[in-house]
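Values reported hereafter were calculated over all heavy atoms of this structure, with side chains retained and with hydrogens, waters and symmetry mates removed. Along the sequence shown, the residues carry numbers beginning at 1.
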Amino acid sequence: MARVAAEIDVDAVNNNGETKELVVVPSDTPIVQRPPLTSQGSMLWRATPEVTISEAQKLLFAAVLGIYWLVLIVLYFATATFDKLVTTQESGVDGNEYTMFNHISIMIFIGFGFLMTFVRRYGYGALGYTFLISLVCVFSAPLYSTWFRSCSNGNACNADVPLNIGTSQFGLFGAAAVMISFGGVLGRVTILQLLVMAILETPLFVLNDWICYDKLEVLDVGGAMVIHSFGAYFGIACCYMLRRGVQEFHDNAASEDHNVFAMVGTLFLWIYWPSFNGALAGNRQEMAIVNTVLSIGSSTIAAFLVSAIVNRGRFDMVHVQNATLAGGVALGASADLIIQPGWSVLIGTLAGSISVVGYKWISPFMQNKLDVVDTCGIHNLHGMPGIIGAIVSMAAVEGGEQVKIQIYATLCTLGFAIVGGLIVGFLINLIPGMDTEDMFKDDIYWLGAKGAWRRARPLVRKNLADGLSGAKLDQAILKLFDEMDPEHGYVTTAELQTWLNGKTARSAAPFTPDEVREMVDEVTTDISGKGLYLQD
């Protein structure tokens with residue numbers, strides 16, 4: 001092999017002075033320097049570099065949240081009271097009502113929170129922001145609801161807000177709508193943008209809820225229209241306003257561990273969804289619960305079936321995490337109306353099937369052709385099934401006048417959601433956001449979050465002798481798997497480490513096993529989809 005001489009700066013490698021040294025390396029190995037070791041032995045290129053979100057922007061979030069919270073404290077002192085029944089009941093709280101409240105709380109804080117942890121570097125944000133933003137809605141929604149309703153029918157407005165379990169439960173319903181919208185913009189907005197979105201969306205949700213239930217008297221016991229469709233299309237409208245041109249988000253991807261955590265959220269939502277649909281069903285609560293069990297069970301079976309069909313005998317975890325729940329959404333408007341169980345089974349089957357189709361084809365079309373990035377696929381889980389629920393309710397109600405009401409409520413909800421989402425999306429787009437490289441990462445806002453490696457990827461690529469970058473790096477590692485995988489279907493960490501070090505400039509420090517694992521974790525091409533994996 002021919003050999004050439006090249007000059008490198010030894011100071012950049014070992015900090016031993018300004019001396020230049022001549023190093024002889026193979027001719028097919030370009031000289032590329034790697035930064036020095038720190039005193040702890042880790043590479044400087046692993047340290048967190050500057051990011052696009054400044055400290056001032058982060059402190060601005062704290063200021064906005066602090067001011068908003070101070071206003072809420074003042075309003076609670078000035079207007080909030082306990083409902084008369086709360087202060088006079090000697091028998092204590094109604095057991096069924098409190099049970100329903102607990103079930104819905106679990107759905108919001110655990111179900112929605114864990115369901116959104118699928119993004120491999122956004123687990124802290126998914127859980128933490130769900131916790132925070134949901135509580136902002138829980139505290140503010142009852143205030144708006146009481147004020148809107150006290151001013152209706154020509155009555156003099158009353159600022160007093162009587163609180164009970166029902167008002168707290170309504171706050172959770174408001175949080176559900178906002179969390180659905182959050183799923184659409186997950187990972188692509190700053191916490192300040194998310195907070196502003198929640199603050200502005202909550203009164204719009206309450207206003208639509210008041211019009212639909214109080215003024216129109218719609219029948220929508222589980223919120224298929226008022227909660228799910230509203231949250232979904234509000235979020236989609238925000239996504240439309242946040243579009244930046246079609247681009248690839250390498251970190252909008254799941255890992256096996258994060259998919260398992262997301263599945264925990266799915267299971268909690270699945271178990272408690274009958275309570276969500278039955279909480280307000282009154283003397284038809286048992287019918288609503290049983291119908292929901294039939295529908296959500298049917299959507300689960302349909303999701304597995306259709307996922308296997310469209311993936312040639314294999315299951316997609318995205319379908320299992322989401323489409324399995326579509327039956328609960330689709331039956332939300334008519335859970336207490338359907339008296340033939342077979343219809344519940346059919347509706348759930350249809351909703352689960354359409355949801356899988358949405359994740360398989362509609363979401364990619366929206367992203368690639370319309371430039372609308374729907375991170376969690378809220379259009380497929382809440383939007384389309386919510387519309388199905390609205391249509392089913394039109395068929396389930398008695399009397400032509402009620403059918404008109406169902407139609408008006410659906411149009412009203414879509415109008416408030418889409419127009420409101422476009423306006424709020426425009427407003428939050430005025431707030432400085434994140435660069436693409438900072439999206440879907442926890443380490444922007446969370447201490448101890450893993451994520452600095454991804455900003456160092458370009459530097460790591462430069463250290464590879466073949467000048468690999470982007471898709472070339474992915475292809476090279478895939479090629480390595482193919483070359484080293486004649487029988488086993490896997491490559492060991494040691495083998496990949498040896499290969500990477502063989503491709504690295506001789507002056508550079510060698511890759512460690514942990515760095516090798518992270519390198520594979522960063523490969524954007526779906527290695528697991530090819531049946532290959534890394535084994536220690």
Side-chain angles (χ1 to χ4, degrees), residues 111-112 115-116 173-174 176-186 188 197 201 204-205 208-209 212 218 220 222-243 266 269 273 276-277 295-296 299 302-303 306 318-319 321-334 347-348 350-367 369-394 406-407 409-422 424-425:
F112 278 115
L115 181 60
M116 291 189 282
F173 288 141
V178 174
M179 285 303 100
I180 292 169
S181 301
F182 173 37
V185 301
L186 181 76
R188 296 184 295 114
M197 186 187 84
E201 180 178 0
L204 290 175
F205 162 78
N208 180 69
D209 177 274
C212 289
V218 69
D220 186 13
M225 293 175 275
V226 176
I227 297 175
H228 296 285
S229 292
F230 179 88
Y233 290 105
F234 186 99
I236 293 296
C238 285
C239 291
Y240 178 80
M241 297 306 295
L242 293 170
R243 67 196 189 283
T266 297
L269 288 169
W273 211 293
F276 193 93
N277 284 354
S295 183
I296 200 169
S299 66
V306 179
V318 173
H319 302 160
Q321 289 164 356
N322 297 278
T324 53
L325 304 171
V329 177
L331 206 72
S334 55
I347 292 166
L350 178 64
S353 303
I354 290 178
S355 183
V356 170
V357 170
Y359 280 102
K360 184 68 175 180
W361 287 294
I362 298 178
S363 285
F365 173 82
M366 290 173 62
Q367 179 167 341
K369 301 299 183 181
L370 305 179
D371 190 20
V372 176
V373 180
D374 176 8
T375 305
C376 291
I378 58 175
H379 180 247
N380 310 313
L381 174 54
H382 302 278
M384 292 190 296
I387 297 299
I388 291 173
I391 295 172
V392 169
S393 73
M394 297 170 196
Q406 299 300 111
I407 295 174
T410 302
L411 296 177
C412 177
T413 296
L414 292 176
F416 268 99
I418 295 173
V419 175
L422 291 174
V424 172

Which pair of non-hydrogen atoms, one from [X] and one from [Y], has the smallest distance, and what is that distance?
{"X": "V329", "Y": "G386", "value": "CG1-N, 3.6 Å"}
{"X": "M366", "Y": "H379", "value": "SD-ND1, 4.0 Å"}
{"X": "A302", "Y": "S353", "value": "CB-OG, 3.7 Å"}
{"X": "T375", "Y": "V185", "value": "OG1-C, 4.2 Å"}
{"X": "G421", "Y": "C238", "value": "O-SG, 3.5 Å"}
{"X": "L186", "Y": "C376", "value": "CD2-SG, 3.6 Å"}

Residues, nucleotides or ligands: over 12 heavy atoms within 6.0 Å of F416 CZ: yes
V306 vs I354, side-chain contact (heavy atoms from CB on, under 4.5 Å): CA-CA, chis, key distance, verdict: CA-CA 9 Å; V306 179; I354 290 178; over 6 Å; no
Verdict with reasoning, V373 to R243, per side-chain contact (heavy atoms from CB on, under 4.5 Å): CA-CA 7 Å; V373 180; R243 67 196 189 283; over 6 Å; no
Pairing residues for F112 by the ring pair (Phe, Tyr, Trp, His ring centres under 6.0 Å) criterion, not counting sequence neighbours: none
Parallel, tilted or perpendicular: ring planes of W273 versus H382, cut at 30 and 60 degrees: parallel
Nearest 0.5 Å, please: how far is [atom2] in [Y] from [atom1] in [X]?
{"X": "I391", "Y": "I407", "atom1": "CD1", "atom2": "CD1", "result": "10.0 Å"}
{"X": "I236", "Y": "L422", "atom1": "CD1", "atom2": "CG", "result": "11.5 Å"}
{"X": "I388", "Y": "S334", "atom1": "CD1", "atom2": "OG", "result": "11.0 Å"}
{"X": "S363", "Y": "L370", "atom1": "OG", "atom2": "CG", "result": "11.0 Å"}
{"X": "L325", "Y": "L269", "atom1": "CG", "atom2": "CG", "result": "5.5 Å"}
{"X": "S295", "Y": "L350", "atom1": "OG", "atom2": "CG", "result": "9.5 Å"}

S393 versus D220, side-chain donor and acceptor atoms under 3.5 Å: no
Donor-acceptor pair between S355 and N380 side chains, under 3.5 angstrom: no
Criterion side-chain contact (heavy atoms from CB on, under 4.5 Å) on V424 and L204, from CA distance to verdict: CA-CA 10 Å; V424 172; L204 290 175; 4.3 Å; yes
Minimum side-chain heavy-atom gap I378-S181 below 4.5 Å: no
Identified ring pair (Phe, Tyr, Trp, His ring centres under 6.0 Å) partner of H228 from the options F234, F276, Y233: F276
[X] side chain to [Y] backbone, donor-acceptor under 3.5 Å:
{"X": "S299", "Y": "T324", "result": "yes"}
{"X": "R188", "Y": "C239", "result": "no"}
{"X": "Y359", "Y": "V318", "result": "no"}
{"X": "T410", "Y": "Q406", "result": "yes"}

F173-F205 aromatic ring centre distance below 6.0 Å: no
Worked verdict on M225 versus C212 for side-chain contact (heavy atoms from CB on, under 4.5 Å): CA-CA 9 Å; M225 293 175 275; C212 289; over 6 Å; no
